[in-house]
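Naming convention: chains lettered A, B, ... in sequence-line order (proteins, then strands); numbering from 1 in each chain.
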2 protein chains.
Amino acid sequence: MRKGPATRGIGPDEPLGFVIASVGNAAALAFETALAAVDLHPRHFAVLRGLRGGAEQTQQQLAASLGIPASRLVGLLQLLIERGLVQRREAPHDARVKLVKLSPSGLTELRGLLQLAGESEQRLIRGLTEQEQAELRRLLGVVYDNVALERGSGPARVW
Amino acid sequence: MRKGPATRGIGPDEPLGFVIASVGNAAALAFETALAAVDLHPRHFAVLRGLRGGAEQTQQQLAASLGIPASRLVGLLQLLIERGLVQRREAPHDARVKLVKLSPSGLTELRGLLQLAGESEQRLIRGLTEQEQAELRRLLGVVYDNVALERGSGPARVW
DNA sequence: TATTGTTATACTCTATAACTATA
DNA sequence: TATAGTTATAGAGTATAACAATA
């Protein structure tokens, strides 16, 4: 043998950019699969996550913070409200505005989903020591910053 | 301040799985943007790449190796043939079968695209030493293998 | 009957443009 | 006029099913 270092399934001459992209895609798919077990999609998770602070928000605010058109939020909220995970009421001072927030069971659900995400993640990083995990996070952080630099703001949403 | 370690744009408590996913997505987007400059999409690049060996293949073979339905390959090939990047002929022994391969200019084009990918990648990993790059590759390789283990085969295609 | 490439169909996801009701 | 939420519309991308030619 000649060099040594040992990336097995991955083709050592595979461009690193492709490796990052395909591993990232696989990570997203793994989480999507995990979420499917509770019949949710990552985009619903993202909405719940956007409400994690607990405070009431207008749909405009929430949509803006998620980086999606308000019209798209409508359908996502509909499902979450049907399931009792999100509460909605008319704003007292302006009948046009609606305020949404996480319901108590929505908060519980969100915690469960984060747990789920953690388990999915554990399967991804199985075999890495604590130090290696930290190093991976640090290195990806640099890449993340480079991307953020190249585009206007931070990397786009995954879903 | 309280803890310290220093992933800047990224939120140190962001789950590592999400970090991988969003960085990977950003890498894919960056390459897509780079490809748009020559009016191609990553999926066309993938087809060219599938033909990189130079040997003739049937469309069935090519589609299978790319993991897409043969019907989907039709449109992709159409564009590439129009541009003279791919050549197609009827198989001599079986009139149902068509054989495709990279044209000479297609090979040139592919080399240029790989160059483009390399430059895009360099912008991603800017600031990492050679050693850090190798380490990142190694760590991602482990994650890659974990994913490959979890699902049947290797991580899915990016596009 | 079976297979190759192709076309038709149907479905999902998306953004943008209307629309309504308030202000 | 302007704004919040909603619904309608249109477009892209996809997989599957149907199809025509050949084996």
Would you confirm whether [X], through its side chain, and [Y], through its main-chain N or O, come within 3.5 Å as a donor-acceptor pair?
X	Y	result
B:T33	B:L29	yes
B:E56	B:L99	no
B:T58	B:K98	no

Taking only N and O in the side chain of [X], is any of them less than 4.0 Å away from OP1 or OP2 of [N]?
X	N	result
B:R96	D:dC19	no
A:R43	C:dT14	yes
A:R72	C:dC13	no
A:Q60	D:dT3	no

A:P69 side chain, from C-beta outward: closest of C:dT6, C:dA15, C:dA23: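 Nearest to the side chain of A:P69 among the choices is C:dA15.
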Out of D:dT16, C:dT16, D:dT22, which nucleotide sits closest to the side chain of B:A95?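 The closest nucleotide is D:dT22.
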Note the angle between the end axes of the helix from C:dT1-D:dA23 to C:dA23-D:dT1, five pairs defining each, rounded to 10 degrees.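 For the helix from C:dT1-D:dA23 to C:dA23-D:dT1, the axes at either end differ by 30°.
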Nearest-angstrom distance from the residue atom [atom1] of [X] to [atom2] of [N]:
X	N	atom1	atom2	result
B:I68	C:dG5	CD1	P	12 Å
A:E90	D:dT3	CD	P	20 Å
B:K98	D:dT22	NZ	C1'	12 Å
A:L77	D:dG5	CG	P	10 Å
A:H41	C:dT12	NE2	P	13 Å
A:Q59	D:dT3	CD	P	18 Å
B:I81	C:dG5	CD1	C1'	12 Å
B:L73	D:dT14	CG	C1'	14 Å

A:R52 and A:L110: CA distance, side-chain angles, deciding distance, side-chain contact (heavy atoms from CB on, under 4.5 Å) verdict: CA-CA 8 Å; A:R52 68 182 176 284; A:L110 177 56; 3.7 Å; yes
Any idea how B:F31 and A:F18 line up, ring-wise: parallel (<30°), tilted (30 to 60°), or perpendicular (>60°)?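 Geometry flag for A:F18 against B:F31: tilted rings.
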Are A:R83 and A:E109 ion-paired here, with the side-chain N under 4.0 Å from a carboxylate O?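 No salt bridge links A:R83 with A:E109.
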DNA chain D: A:V97 or A:S71, which has the more 5' nearest nucleotide?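 So the residue in question is A:V97.
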State, without any angle test, whether B:Q131 and B:E135 hold a side-chain donor-acceptor pair at a distance under 3.5 Å.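 No, no side-chain donor-acceptor pair sits under 3.5 Å.
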